[in-house]
**Student:** 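First the structure, which I've put down as structure tokens, then a few questions once you've had a look.
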Amino acid sequence: MTSKYLMFITTLLLLSSCSYDEDYFDDGDGFIEQEGNSPANDGGNFNEEATLTTYRINGDELIKIRDHEVSSNLLGYQQDEAKHLAMFDFYTKLIPAEHRDRIVEFEVFYGNNDLAGFVAPINDDDLSRWKMGLAIEASTDISSEDFNSFFTFLTLHEFGHVLTLNESQVNVFQGNCSAYHTGEGCSNSNSYINQLFELGWADIAPNGEGGDDLYNRYSDRFVSDYAATNPGEDIAEVFATFIIEGRKGGNSIADQKVNQLFERPELVSLRNKIINQSTTLRDGQIMTRSWRNKFKFRCGHN
Ligand SMILES: [Zn+2]
């Protein structure tokens, strides 16, 4: 089973918060999925997402695997390799090197100002190797990104998926799962995602299926409306919030989800490295709640 973790944005001009998109489907495990491993290319429609270029990651370097067939309207994006490299460079400066081993392919795609990022395992039965895709239009100026930026939150969100779904957290081959099943496999009982599931999902949505209705009923349990999509999106949103906003002073379940990550020494260490060592973000401001509320996330299914 190929599960994909997609982050959607809509421009401020698009006011519908959750519209059905026929390119995506929910296979019943609560995850929004897309056929194949990349945004579908239809060869000529400027109104669709399209994969531009796939790279293999070699440490801090990118090695191009291929340019994908795209419409002439998108050639400019595909040929802007300087921006592709700047997007990757931003990621390498944000995430410490020792935490980047599991992301082995980088994909730049055109998201139609809607789909902003995704991750997917290279092979469904090996959660130690992942592809990460970022939309080229998710950043207008890489050099000006800071902790206020959507692109920063997006990169942390996608990295957060791999951090919480990799082979140290989830077992593909375990048949009888008594903890939360992510779609890829059975999460370990003490995994980040299962702890979050037990804290905020098990009593209200034991199958892990979320959406707008769940958010509207239990909004104080979620750091964003998009987090209510499913536990996989929730933990990615919580991780990005943990990094950017830090410890919460309240006691809502949303706050407890963030503070739960402060009980993990390895995550506190990672957070300190990101906050203190990132030259890219040193001058940035910690993102505020009002910033988050400016963005609408599309769920992809209704
Ligand atoms: Zn996601």
Side-chain angles (χ1 to χ4, degrees), residues 2-7 34 36-41 49-70 74 77-111 115-139 142-143 145 149-170 172 184 232 236 239-240 243 266-267 269-271 273-274 277-281:
T2 300
S3 285
K4 307 222 348 155
Y5 297 85
L6 308 167
M7 177 176 261
Q34 182 186 31
N37 264 344
S38 305
N41 289 19
E49 298 102 9
T51 307
L52 300 172
T53 306
T54 304
Y55 296 92
R56 186 168 72 245
I57 296 174
N58 181 23
D60 289 348
E61 295 185 355
L62 287 182
I63 300 161
K64 185 187 287 187
I65 297 176
R66 62 183 166 277
D67 285 326
H68 296 259
E69 193 172 329
V70 296
L74 297 177
Y77 279 134
Q78 186 175 61
Q79 293 168 351
D80 191 356
E81 292 189 10
K83 183 159 185 183
H84 302 187
L85 297 179
M87 292 164 67
F88 179 73
D89 193 49
F90 178 86
Y91 157 70
T92 65
K93 287 188 165 61
L94 182 65
I95 306 299
E98 64 270 27
H99 291 273
R100 285 190 261 116
D101 289 352
R102 292 185 176 96
I103 299 178
V104 299
E105 287 186 13
F106 179 64
E107 199 159 271
V108 181
F109 67 90
Y110 173 70
L115 175 62
F118 72 90
V119 297
I122 302 293
N123 300 305
D124 292 350
D125 61 357
D126 179 5
L127 301 182
S128 70
R129 301 175 73 247
W130 292 74
K131 173 194 290 188
M132 178 175 71
L134 297 175
I136 193 164
E137 76 274 32
S139 171
I142 296 283
S143 65
E145 303 293 6
S149 303
F150 175 71
F151 194 69
T152 306
F153 189 90
L154 169 69
T155 306
L156 289 169
H157 173 109
E158 301 303 339
F159 172 78
H161 279 311
V162 177
L163 180 77
T164 57
L165 293 168
N166 69 63
E167 83 290 349
S168 75
Q169 301 279 310
V170 173
V172 172
E184 286 76 14
F239 173 74
I243 296 291
E266 71 280 11
L267 294 186
S269 170
L270 170 59
R271 181 174 188 272
K273 285 180 183 172
I274 292 174
Q277 296 182 16
S278 173
T279 54
T280 304
L281 299 172

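Source: prediction; values computed, not measured.
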**Student:** Do Val70 and Tyr110 have side-chain heavy atoms sitting under 4.5 Å apart?
**Tutor:** no

**Student:** Classify the ring geometry between Phe151 and Phe90 as parallel (under 30°), tilted (30 to 60°) or perpendicular (over 60°).
**Tutor:** tilted

**Student:** Hey, could you give me the CD1/CD1 distance between Ile95 and Ile103, rounded to the nearest 0.5 Å?
**Tutor:** 7.5 Å

**Student:** Taking atom CG of Leu94 and atom NE2 of His99, what is their separation to the nearest 0.5 Å?
**Tutor:** 12.0 Å

**Student:** What residue among Lys131, Glu105, His84 forms side-chain contact (heavy atoms from CB on, under 4.5 Å) with Tyr55?
**Tutor:** His84

**Student:** Side-chain contact, heavy-atom cut-off 4.5 Å: Tyr91 with Phe106?
**Tutor:** no

**Student:** How many angstroms lie between atom NE2 of His161 and atom CZ of Phe239, to the nearest 0.5 angstrom?
**Tutor:** 11.5 Å

**Student:** Can you find a pair of side-chain heavy atoms, one from Phe88 and one from Ile57, that are under 4.5 Å apart?
**Tutor:** yes

**Student:** Assess the residue pair Glu145 and Lys93 against the criterion (salt bridge (charged side-chain N to carboxylate O under 4.0 Å, His left out)); give the C-alpha distance rounded to whole Å, side-chain angles, the decisive distance to 0.1 Å, and a yes or no.
**Tutor:** CA-CA 12 Å; Glu145 303 293 6; Lys93 287 188 165 61; over 6 Å; no

**Student:** May I ask you to test the Ser128-Asn166 pair for a side-chain heavy-atom distance under 4.5 Å?
**Tutor:** no

**Student:** How far does CZ of Arg66 sit from OG1 of Thr54, to the nearest 0.5 angstrom?
**Tutor:** 5.0 Å

**Student:** Taking only residues two or more places apart in sequence, or in another chain, which ones meet Glu167 in a salt bridge (charged side-chain N to carboxylate O under 4.0 Å, His left out)?
**Tutor:** Arg102

**Student:** Quick one: salt bridge (charged side-chain N to carboxylate O under 4.0 Å, His left out) partners of Asp67, sequence neighbours excluded?
**Tutor:** Lys64

**Student:** Do Leu270 and Phe159 come close enough that some side-chain heavy atom pair is under 4.5 Å?
**Tutor:** yes

**Student:** Measuring from Leu154:CG to Met87:CE, what's the distance to the nearest 0.5 Å?
**Tutor:** 8.5 Å

**Student:** Kindly say whether Gly133 contributes a backbone atom to a donor-acceptor pair with the side chain of Glu158 at under 3.5 angstrom?
**Tutor:** no

**Student:** Could you check whether any side-chain heavy atom of Asp80 comes within less than 4.5 Å of a side-chain heavy atom of Val108, counting everything from C-beta outward?
**Tutor:** no

**Student:** Using a 3.5 Å distance criterion without hydrogens, assess whether the side chain of Gln78 forms a donor-acceptor pair with backbone atoms of His68.
**Tutor:** yes

**Student:** Can you tell me how far CD1 of Ile142 sits from OG of Ser149, rounded to the nearest 0.5 angstrom?
**Tutor:** 9.0 Å

**Student:** Donor-acceptor pair, Arg100 side chain versus Thr92 backbone, under 3.5 Å?
**Tutor:** yes

**Student:** Hey, can you tell me if Phe153 and His157 have their rings parallel, tilted or perpendicular (30° and 60° cut-offs)?
**Tutor:** tilted

**Student:** When you compare the side chain of Pro121 with that of Asp126, does any pair of heavy atoms fall below 4.5 Å?
**Tutor:** no

